[in-house]
Every structure is written in structure tokens, then in C-alpha cells.
Asks: 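Can you read through this structure? Questions will come right after.
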Amino acid sequence: AMRFKKIEAAYFGPKSYTDAAERSGAVAIAREQKVDGSTGYHGLIISKKGSGLKTMADLKGKRFAFNDPNSTSGYLVPMTYFLRDLKLVPKEYFGRVIFSGSHEASIMAVKLDHVDAASTNDLDVDRKVQTGSVKWEDFNVIWKSPLIPSSPLAVRKDLPGDMIKKLQDAITTFNDKEGLKKLQLKAFVKAEDKDYDSIREMKKVKEKLRKKQR
């Protein structure tokens, strides 16, 4: 929609933002700040507490769920970990690999024993905990990623500069305490395109390693 100028602004995940910047002229203007003051989150690989699955070695031959091919913490970050750090190919290592469609679906699939383990992130687990659907105690955290830059709000870079500035100011001065509480955020802070260079590097690594495997 942004590429064909149907919309002027959109809320992206980190990986999808880098795609949009490349293909659609998106430019980040603001990003999330968590309640603890950090401007990022962590990818996780989780299994169900009591399953006996506590390490990556335990997951060999088991059922594994990614989130979505365009997800940052649900696919790009764990795939980089698997391919670069562990030197393993998921479809060969696990007994079955599926895409759940969302972080919520992955989290619940682990809790309900539909899969043995899944990739997700601490922010989405926190949100599910807040709804009462799960507890952190329901899961083993098998792996935790380095900090991932938080999700940005982006606009088309061909918009008038003063309009972009006004939108950025409006978002970064948003201080509705109840609204921020529902979002589990402290605030929105200014963002720059370079904040997502680490994501671009992971994309390059993943693509390079996948080409080697062909």
C-alpha cells in the first residue's frame, strides 16, 4: 500500500520496516520505548515447562513453530541464530517445522502442546501474560537473543518535510498514561533509519548462508 501511495504512514516490525524502506521509500520517525526505558526487545525460543525440553539439543527431532517469514523475532533473528551460530538447518534438525501465523498463536501452541517449541519475543509473552492467558512460569526459555530495535512508525519519505516533523512530534509527545499502559509502553521516542542497520546485517547473513546451502 505504501509503495503504490495508498497510505502515508504505517506501523512496522523491524524486519518489515527494512523491506519497506528498500521497496517503498519508508522512513522511520518514531519507535517504542518499553516501560523499563529500553528501546528494544528480545527474541526467545520457548518450550513448555515440565516438558523436559530445556536446551537446543533437546529439541532435535521435535515440532517447532516459527511465526511468519516476515517476522523479525519470529523468524529472522532465530534463523540467523540457527544458520550462523549453531550451523543447523531447521527443516533438517527438527522433526516438523510450521508457521503459526502470529506470536500469539506460537505462544499458545507451546502451552497447548501443539508444538514442542517456538520462536517469539519477550514483549509478546508479556502481553499474553497481561491478558491472563499464560504465565511466564508456563515456559522454559531455551534461548534469548541480543536486543532487537523496537518497532517503528514510518512514513513515506516523499511527504512534505514539515508534515513528517509534525507527525513525529505528535507521536513522540503522546502521553496518554492509560493508552500507554494498554500498549505496555513508557513512550514513543524518535527513530532514525540507521537504528535498523543491525537488522539489515542479519538479513545479509541469512541470505548468504542460505545461498551456500543450495
Side-chain angles (χ1 to χ4, degrees), residues 1-44 66-81 84 102-104 106 119-128 130 144-207:
M2 185 174 282
R3 181 180 178 186
F4 293 103
K5 300 190 177 182
K6 302 293 184 182
I7 58 173
E8 286 72 45
Y11 195 47
F12 292 107
K15 190 266 182 185
S16 57
Y17 164 70
T18 62
D19 293 338
E22 179 182 342
R23 298 186 221 161
S24 311
V27 58
I29 60 170
R31 60 175 173 147
E32 299 171 340
Q33 183 180 45
K34 293 171 65 176
V35 175
D36 64 7
S38 65
T39 52
Y41 61 106
H42 297 89
L44 305 175
F66 287 111
N67 174 1
D68 181 281
N70 287 314
S71 174
T72 306
S73 59
Y75 187 66
L76 177 64
V77 172
M79 274 297 285
T80 302
Y81 171 60
R84 181 188 64 192
S102 70
H103 286 292
E104 178 180 8
S106 289
S119 53
T120 184
N121 63 69
D122 50 7
L123 187 60
D124 278 283
V125 175
D126 278 339
R127 286 171 177 160
K128 289 299 290 178
Q130 187 181 47
K144 181 178 180 180
S145 78
L147 194 69
I148 302 167
S150 57
S151 297
L153 178 71
V155 299
R156 288 204 327 258
K157 65 181 179 182
D158 62 351
L159 295 180
D162 60 338
M163 180 184 291
I164 293 176
K165 180 67 165 59
K166 287 178 181 178
L167 283 168
Q168 185 180 54
D169 289 345
I171 295 297
T172 55
T173 58
F174 178 74
N175 60 0
D176 182 328
K177 291 184 179 180
E178 190 59 33
L180 289 168
K181 182 179 179 181
K182 289 180 179 179
L183 293 169
Q184 290 189 315
L185 297 175
K186 180 178 181 180
F188 289 93
V189 298
K190 290 182 179 180
E192 298 180 77
D193 181 75
K194 66 181 182 181
D195 294 337
Y196 299 90
D197 285 348
S198 62
I199 302 299
R200 294 183 172 97
E201 288 304 312
M202 278 190 276
K203 287 167 64 176
K204 289 177 183 177
V205 168
K206 181 170 75 79
E207 189 56 33

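This one's a predicted model, so the numbers in the text were calculated from it and none came from an experiment.
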Asks: Which heavy atom in V189 sits nearest to a heavy atom in T172, and how many Å separate them?
Replies: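 So the two residues come closest at C-CG2, 3.6 Å.
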
Asks: K182: what forms a salt bridge (charged side-chain N to carboxylate O under 4.0 Å, His left out) with it, not counting sequence neighbours?
Replies: none

Asks: Verify, without hydrogens or angle tests, whether S151 (side chain) and G13 (backbone) share a donor-acceptor contact under 3.5 angstrom.
Replies: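 Between the backbone of G13 and the side chain of S151 there is no qualifying donor-acceptor contact (under 3.5 Å).
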
Asks: Looking at residues at least two apart in the chain, or sitting in another chain, which of them share a ring-ring contact (aromatic ring centres under 6.0 Å, His included) with Y17?
Replies: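 For Y17 the ring-ring contact (aromatic ring centres under 6.0 Å, His included) partners, ignoring immediate neighbours, are Y196.
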
Asks: Provide the closest heavy-atom pair for F12 versus A20 in the form atom of the first, atom of the second, distance.
Replies: CZ-CB, 3.6 Å

Asks: Applying salt bridge (charged side-chain N to carboxylate O under 4.0 Å, His left out), name anything that partners D124, two or more places apart in sequence or on another chain.
Replies: none

Asks: Under the rule for side chain to side chain contact (heavy atoms under 4.5 Å, CB included), what residues qualify as partners of Q130, not counting sequence neighbours?
Replies: Q184

Asks: Give the C-alpha distance, both sets of side-chain angles, the deciding distance and a yes or no for side chain to side chain contact (heavy atoms under 4.5 Å, CB included) between E32 and L123.
Replies: CA-CA 11 Å; E32 299 171 340; L123 187 60; 3.8 Å; yes

Asks: What residues form a ring-ring contact (aromatic ring centres under 6.0 Å, His included) with F66, not counting sequence neighbours?
Replies: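 F66 satisfies ring-ring contact (aromatic ring centres under 6.0 Å, His included) with F64, Y75, F99 only.
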
Asks: Going by the rule side-chain hydrogen bond (donor to acceptor under 3.5 Å, both in side chains), which residues pair with S38 if we only count those two or more places apart in sequence or in a different chain?
Replies: D36

Asks: Please enumerate all residues that pass side-chain hydrogen bond (donor to acceptor under 3.5 Å, both in side chains) together with K34, with sequence neighbours excluded.
Replies: none

Asks: Please list all pairs passing the salt bridge (Lys or Arg N to Asp or Glu O under 4.0 Å) test where one or both residues lie in residues 188-200, with sequence neighbours left out.
Replies: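 Checked against salt bridge (Lys or Arg N to Asp or Glu O under 4.0 Å) - neighbours excluded - the pairs reaching residues 188-200 are R31-D195, D193-R200, D197-R200.
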
Asks: Listing request: all ring-ring contact (aromatic ring centres under 6.0 Å, His included) pairs with a residue in residues 164-190, at least two apart in sequence or in separate chains.
Replies: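 As it turns out, there is no ring-ring contact (aromatic ring centres under 6.0 Å, His included) pair with a partner in residues 164-190 once direct neighbours are skipped.
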
Asks: Does atom CD of Q168 have more than 12 heavy-atom neighbours from other groups under 6.0 Å away?
Replies: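 Enclosed.
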
Asks: Show your reasoning for whether salt bridge (charged side-chain N to carboxylate O under 4.0 Å, His left out) applies to K204 and E201.
Replies: CA-CA 5 Å; K204 289 177 183 177; E201 288 304 312; 3.6 Å; yes

Asks: Would you compute the distance between atom NZ of K203 and atom CE of M79 and round it to the nearest 0.5 angstrom?
Replies: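 Taking NZ in K203 and CE in M79, the distance rounds to 14.5 Å.
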
Asks: Hey, does the side chain of S150 reach the backbone of T39 with a donor-acceptor pair shorter than 3.5 angstrom?
Replies: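 Yes, S150 side chain to T39 backbone: donor-acceptor pair under 3.5 Å.
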
Asks: Apply side-chain hydrogen bond (donor to acceptor under 3.5 Å, both in side chains) to T72 and list each qualifying residue two or more places apart in sequence or on a separate chain.
Replies: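 Checked T72 against side-chain hydrogen bond (donor to acceptor under 3.5 Å, both in side chains); zero matches.
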
Asks: Measure the spacing between CG of D19 and NZ of K15 and express it to the nearest 0.5 Å.
Replies: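 These two atoms lie 4.0 Å from each other.
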
Asks: First locate atom CG of L44, then atom OG of S119, and finally report the distance between them rounded to the nearest 0.5 Å.
Replies: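 Going from the CG atom of L44 to the OG atom of S119 covers 9.5 Å.
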
Asks: If you take all heavy atoms of S73 and P78, which pair is closest and at what distance?
Replies: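 Closest approach of S73 to P78: O-CD, 3.2 Å.
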
Asks: If you take all heavy atoms of A10 and I7, which pair is closest and at what distance?
Replies: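 Heavy atoms only, the tightest pair is CB-CD1, 4.0 Å.
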
Asks: Check whether any side-chain N or O of D122 sits under 3.5 Å from a backbone N or O of H42 as a donor-acceptor pair, and report yes or no.
Replies: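 Yes; at least one donor-acceptor contact below 3.5 Å.
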
Asks: Identify, with sequence neighbours excluded, every residue that meets side-chain hydrogen bond (donor to acceptor under 3.5 Å, both in side chains) alongside Q33.
Replies: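 Q33 satisfies side-chain hydrogen bond (donor to acceptor under 3.5 Å, both in side chains) with no other residue.
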
Asks: Could you list all the salt bridge (Lys or Arg N to Asp or Glu O under 4.0 Å) pairs where at least one residue sits in residues 152-173, not counting sequence neighbours?
Replies: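 Sorted result for residues 152-173: K5-D158, E8-R156, R156-D158, K165-D169.
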
Asks: Report yes if some heavy atom in the side chain of I199 is under 4.5 Å from a heavy atom in the side chain of I148; otherwise report no.
Replies: yes

Asks: Give the minimum heavy-atom separation between S198 and P149, together with the two atoms involved.
Replies: OG-CD, 3.9 Å

Asks: Which atom pair, heavy atoms only, marks the closest approach of N67 to S71?
Replies: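 Reported closest heavy-atom pair: ND2-OG, 3.4 Å.
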
